[in-house]
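Below is one structure, written out as structure tokens; comments come after it.
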Amino acid sequence: MLLPVSHRVNERGHLEIGGCDLIELARRHGTPLYVYDEATVRSRCQEFMAAMGKRGEVLYSAKAFASPGFLRIVASEGLGLEVVSAGELHIALRAGYPTARIYFLGNNKSEEDVAAAFAAGATLVLDGFHDFELLRRVVPAGHRQRCLLRVSPGVDAQTHAFIATGQLDSKFGFSIESGAARAAVEEALAQDSIHLEGLHSHIGSQIFDLRGHVQALEIMLDLLAQLRAEQGYEPHKLGAGGGLGIAYTDADDPPTPSQFVGTLLAALERGAALRSLRQPALVVEPGRAIAGPAGVALYTVGSIKDIPGVRRYVAVDGGMGDNIRPKLYGARYQPLLAGDPEGSPTETVTIAGKYCESTDILVSDAQLPEVREGDILAMPAVGAYCLSLASQYNGLPRPAVVMVADGRDRLIRRRETYDDLLAAEIL
Ligand code: LLP
């Protein structure tokens, strides 16, 4: 299902989300507008949490979308949070995120990052030998920093090469294959400032085939058996990362959050028993699978250009500045008309943005009913990695964001103004 759980077509034939008519929302807030459905955010969080139960932790990966109004909802569902910079941590703290549930990752942390994580009381995920030195500088004598240690299991996730991270040739984590992971665990156990709670991994993103995750767990369990034998170390936590894919078009059929968590828990239980290991708690950190399906972008159709026999360009008032994913990852989307969501497709059009680049194409070959200037185009599944990657390229202010629930819309981020374009400039 591409649309948020609360979607329906109302009496006027308009698409509605969270009890709010999308045409009405576009009129009141302007476009481009990102609409998030609170019911979808909550139900995705709840599905992960229910599947995990007491056997581990679910963290939300803030990089997918980190507006405080969104984070508060995730926090209220009991999830932890994964951040990757002092900036994301700052946003989380301003949102009032419970700090004991925050994990701080990153492959090239600065001293400032490590100091911020320590001050907040977050768990730090060690990613390279450099982190040991930073901790020596930051953690005062007599104190300890809770840590996980990120390993690179050396599996190839079946996803776009730009978002695969678990293979040997990766900038992330301590490689198991090369022996770096064992050496790093030894060093972490020897360093007084570190309390090593366990290991962590993440193999990639937008993954449908969970065999890569299972294989990574198996490799990590082999490492655990080795660590127990050689160093007497048995971790309490084992992180399997995020990566669960979502549907962007009707052709996509990803596993559900329960299948994702269930598959990993079963592999962990089986694998630990097989090696007579104490079963560590599982830590997962989905981003896209929570935020992605909750968001729908609204654009207004402007100019329509026909090149007879070649292509029909339908241009909208956003584009690569608010959604760079088609350009960056070849991502495909399936838009519909908010005022005629069930209309049968009569034409194939290319949805172009308004940025001055010929690659600023949101969707090539979209199937839609007849599109006219002024129509509102709704783009499902844009809740993750669109606004968090957004820019002010070409001097276009970033869009507003509303959270909808029970017939009410709440502005959680206002539309940027032209003055916001100058916010950091010295005039
Ligand atoms: N944990 C770690 C260590 C990660 O690096 C990531 C994503 C996640 C968790 C969350 O992964 P998810 O559950 O969202 O797949 N901008 C790209 C995706 C980049 C993912 C980066 N890391 C995109 O738009 O497809």
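We count ligands from 1, going down the list as the structure has it; atoms in each ligand are counted the same way. Quantities reported herein were computed from a predicted structural model and do not represent experimental measurements.
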Could you tell me if any non-hydrogen atom of Gly243 lies under 4.0 Å from any atom of ligand 1?
yes
Closer than 4.0 angstrom, basic N to acidic O: yes or no for Asp365 and Arg311?
yes
Is it the case that the side chains of Asp317 and Thr31 hold a donor-acceptor pair, with the cut-off being a distance below 3.5 Å and no angle test?
yes
Measuring from the heavy atoms of Leu389, does anything fall under 4.0 Å of ligand 1?
yes
Would you call the rings of Phe260 and Phe48 parallel, tilted or perpendicular, taking 30° and 60° as the class edges?
perpendicular
If you round to the nearest 0.5 Å, how far is OG of Ser205 from CD1 of Ile207?
7.0 Å
Ligand 1-proximal atoms of Arg288, by part, heavy-atom distance under 4.0 Å:
both
Where ligand 1 meets Gly242 - atom numbers and elements under 4.0 angstrom, heavy-atom basis:
9 (C), 13 (O)
Which is it for Val84 and ligand 1 at heavy atoms under 4.0 Å: side chain, backbone, both or neither?
neither
Please identify which atoms of ligand 1 are closer than 4.0 Å to at least one heavy atom of Arg150.
3 (C)
The answer for which part of Phe172 has a heavy atom under 4.0 Å from ligand 1 is neither
Looking only at side-chain N and O atoms, does Thr348 offer a donor or acceptor that is under 3.5 Å from a partner on Gln367?
yes
Please list, in number order, the atoms of ligand 1 under 4.0 Å from a heavy atom of Leu105.
3 (C)
Using every non-hydrogen atom in the two residues, find where Gly80 and Tyr97 come nearest and quote the distance to one decimal.
O-OH, 3.2 Å
Is the contact between Arg325 and ligand 1 made by the side chain, the backbone, both, or neither, using heavy atoms and a 4.0 Å cut-off?
side chain
Quick one: which ligand 1 atoms are inside 4.0 Å of a heavy atom on Pro286?
13 (O)
Provide the number and element of each atom of ligand 1 under 4.0 Å from a heavy atom of Glu82.
1 (N), 2 (C), 8 (C), 9 (C)
